[in-house]
Every structure is written in C-alpha cells, then in structure tokens.
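Letters A, B, ... mirror the listed sequences (proteins, then strands); counts begin at 1. Source: prediction; values computed, not measured.
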2 protein chains.
Amino acid sequence: MPDSTDLKTSGLKATFPRMKILDIFRDSPTRHMSAEDIYKHLLADETEIGLATVYRVLAQFEQAGLVKRTQLGAGKAVYELNDGQRNHGHLISLQTGEVQEFYDPEIEKRLKRIAQQLGYHVAEYTITMYGDKR
Amino acid sequence: MPDSTDLKTSGLKATFPRMKILDIFRDSPTRHMSAEDIYKHLLADETEIGLATVYRVLAQFEQAGLVKRTQLGAGKAVYELNDGQRNHGHLISLQTGEVQEFYDPEIEKRLKRIAQQLGYHVAEYTITMYGDKR
DNA sequence: TTTATTGCAAAACCTTTGCATGTAT
DNA sequence: ATACATGCAAAGGTTTTGCAATAAA
C-alpha cells in the first residue's frame, strides 16, 4: 500500500520509484538492505527502475532522514528504515550474514566522554561486531 | 634500516617491496595509511613498486598479523602496524582527517556481553567515531 | 633450479554523474 | 509550464586478478 505521506512530509515529490522503494523497506522481512538488494526486489516485483535511480533515491532518503546508511565492512553499504533516533550498533553473523542490532547507552556515554577528552565532539559513530553463532 | 627479521618470522620471503613497505610503516609519523598513501611514500622514495604489489603486500602483512586493516567509512581502508593486541577504536577528525586511537576495556566487555546475549561469540569488532575538533 | 613474487594492464566492484527524456505539481 | 526526476550508459575510485617476466631460497 503505497503511502506518499512520508515523502511529502520530507519535501520529496511522490514519484513512483520513491514510493516503491519505501514500500520495499516496509514490506521486507529483512531490515538491512543494500542498493543491490533493493534493486533485486524491484525486479522480482516486475518494476523497472534503474539501479542508478535506486542509489539516488536512497541518498535522498538518507538526507531526508527516512533511512540510515551504514557501511558494513569493506563491501556494500546497507540501508535501513530510520525508526527512532538511537544510533545502534550492528552484529553480523560470520556464517549467515544476518544482521542484529543492539544499543547500549553506557557505551555511548563512554564514547562521548572519550572523544571529549581527546578534544572532540562526536558527530557520528558506528560500532560493528562480527561473530560466530554459538 | 631494513630489517628482515619480522618478515622471516612471519614466514614471508624478505623481498625488496616487503622490506621497503615495512620501513615506511616504521618511519612514518602517520600511523594510519592507505595503500595509496604508501604508494606515494614509495614514489617519493624513488622506489618503483607497483600499486598492485602494495595491495598484495598489505594483504600478506595483514594475514601474517604484521598490520591491521580498518575500513574507515565508505572510502579507503587504512593500515597500521600491529603493535600489541588491543583492538582499539578510531576517532577521525571531520576537519583534518586525522586519526586518533582509543581503547576502553569497559566498552569491550560490554560488547562481548551483548554479543553473548544475542547468541554470538565476537570474532572482531570495530568502533569508529567522527568528530569535530572543539 | 624451483617456487614464490613482481609489474603491468585489464577487470571487478560498488557508486556516482552527464545528458536527453519524461513526469509531478 | 516549469522544475525536478528518471534511464541509460559512461566514468569514478578503490581493490583484485591473469599472465609473463623476475627474483628469492
């Protein structure tokens, strides 16, 4: 069910590619998707949208605060719907590539303090763990 | 002062490119360098070593545990001499690109506990902060 | 001598961009 | 009508690879 509300609120025109991509985020059981992942979803949906457009839309969504982009390791960046503001970390399974999120206010507090002691104000931080399933 | 000891200890042949690159790490005032950075050092040194070789040597060094590779954001990976085992985080200046290291045992402890609770054993983790100089 | 290493150029990979065409408002 | 969005293909930046030539042991 395409919903253009969020798009308009974000000051973005309600175009077909943008609505479709937003839908994919909403309908996907996988929260974290790369541009390529989304492109494949579109193809599976018989939706002809160019990969370049996917990248452009994702960049606009990121700017508008609709999605968050995270560079996981060296490979592709993944995007996720921006529910809430908590800057969570990612735990990636070395076996399956599955991504889990986590958040620890104490860690965040400590990071901010460390940066402060080094003379910085934290603009952004990322925590990524790679682990084996026990 | 080229030193082939560490190379031989690592089971790597003491070739000219490998010794030279190891020297660059030792002599550089900058601890974190990209492959391109190292390549430029070599050129400045009138040393003709191909960029492909730099990448190959760095990969071998990483495997041998001589250096650590860290993907900083979307761009290039940086390499640093692997002194000690502490898996430190990186704080990068948004103004200068300067890289500071930090380590907090409490954060590490918490990350491990979080992973455990999610059913994982941490193989590796990276923390990267981007900050403004105060 | 034998096996590993290098250099070069080409390819791979993810992402961005130029430009003409198409579309939302 | 007008500004913005799209598609395609080409280019960008970083990293890897194939292969013949070269050097370490």
Show the atom names and distances, to 0.1 Å, of all donor-acceptor pairs under 3.5 Å that link a side chain in residues 103-114 of chain A to residues at least two apart or in another chain.
from, atom 1, to, atom 2, distance (Å)
Y103(A), OH, E108(A), OE2, 3.2
D104(A), OD1, E106(A), N, 2.8
D104(A), OD1, I107(A), N, 3.4
D104(A), OD1, R110(B), NH1, 3.2
D104(A), OD2, R110(B), NH1, 2.8
E106(A), OE1, K109(A), NZ, 3.4
E106(A), OE2, R110(A), NE, 3.3
E108(A), OE1, Y125(A), OH, 2.5
R110(A), NH1, D104(B), OD1, 3.2
R110(A), NH1, D104(B), OD2, 2.8

Quiz prompt | Whole angstrom value for the distance that separates P of dT14(D) from CG of L58(B) | solution = 15 Å
Exercise. Can you sort out the partners of S93(A) under side chain to side chain donor-acceptor pair (under 3.5 Å), two or more places apart, ordered by chain and number?
Key: T96(A)
Quiz item: Taking only residues two or more places apart in sequence, or in another chain, which ones meet Q117(B) in a side chain to side chain donor-acceptor pair (under 3.5 Å)?
Solution: none
Quiz prompt | Partners passing side chain to side chain donor-acceptor pair (under 3.5 Å) against E80(B) (at least two apart in sequence or in another chain) | solution = R31(B), H32(B), H88(B), H90(B)
Practice problem: Heavy atoms of chain B, cut-off under 4.0 Å: which first and last nucleotide of DNA chain C, 5' to 3', fall inside that, if you could look? | Solution: dT3(C) to dA9(C)
Can you pull every protein N or O that's under 3.5 Å from an N or O on nucleotides 20-25 of chain D?
from, atom 1, to, atom 2, distance (Å)
dA25(D), OP1, A14(B), N, 3.3

Just distance, no hydrogens or angles: give the donor-acceptor pairs under 3.5 Å from side chains in residues 59-75 of chain A, sequence neighbours left out.
from, atom 1, to, atom 2, distance (Å)
Q60(A), OE1, R18(A), NH1, 2.8
Q71(A), NE2, G75(A), O, 2.8

Practice problem: Identify whether any heavy atom of A77(A) sits under 4.0 Å from a base atom; if not, whether one sits that close to sugar-phosphate; answer base, sugar-phosphate or nothing. | Solution: sugar-phosphate
Exercise. Specify the residues of residues 37-57 of chain B, ordered by number, for which at least one heavy atom lies under 4.0 angstrom from an atom of DNA chain C.
Key: E48(B), I49(B), G50(B), A52(B), T53(B), R56(B)
Practice problem: With rounding to the nearest 0.5 Å, note down the distance linking CG in N87(A) to OG1 in T126(A). | Solution: 8.0 Å
Self-check item: Under-4.0 Å salt bridge between K20(B) and D27(B)
Solution: no
Quiz item: side-chain contact (heavy atoms from CB on, under 4.5 Å) with R134(B): which residues, sequence neighbours excluded?
Solution: Q116(A), H121(A)
Quiz item: For the residue pair P17(B) and I49(B), what are the closest heavy atoms and their distance?
Solution: CA-CD1, 3.4 Å
Quiz item: For the helix from dT1(C)-dA25(D) to dT25(C)-dA1(D), what angle lies between the axis at the first five pairs and the axis at the last five pairs, to 10 degrees?
Solution: 30°
May I have the list of side-chain donor-acceptor pairs in residues 36-48 of chain B shorter than 3.5 Å, sequence neighbours left out?
from, atom 1, to, atom 2, distance (Å)
D37(B), OD1, S34(B), OG, 3.4
D37(B), OD2, S34(B), N, 2.9
D37(B), OD2, S34(B), OG, 3.1
T47(B), OG1, D45(B), O, 3.1

Quiz item: Rounded to whole angstrom units, what separation is found between the CG atom of L7(A) and the P atom of dC4(D)?
Solution: 17 Å
Practice problem: Mind calculating the distance between CD (Q71(A)) and P (dT15(D)) to the nearest angstrom? | Solution: 11 Å
Quiz item: Got a sec, which residues hit side chain to side chain donor-acceptor pair (under 3.5 Å) with N82(B), two or more places apart in sequence or on another chain?
Solution: none
Quiz item: Is the closest side-chain heavy-atom distance between F25(A) and Y79(A) below 4.5 Å?
Solution: yes
Exercise. Compare every heavy atom of G131(B) with every heavy atom of Q95(B), then report the nearest pair and how far apart it is.
Key: OE1-O, 4.1 Å
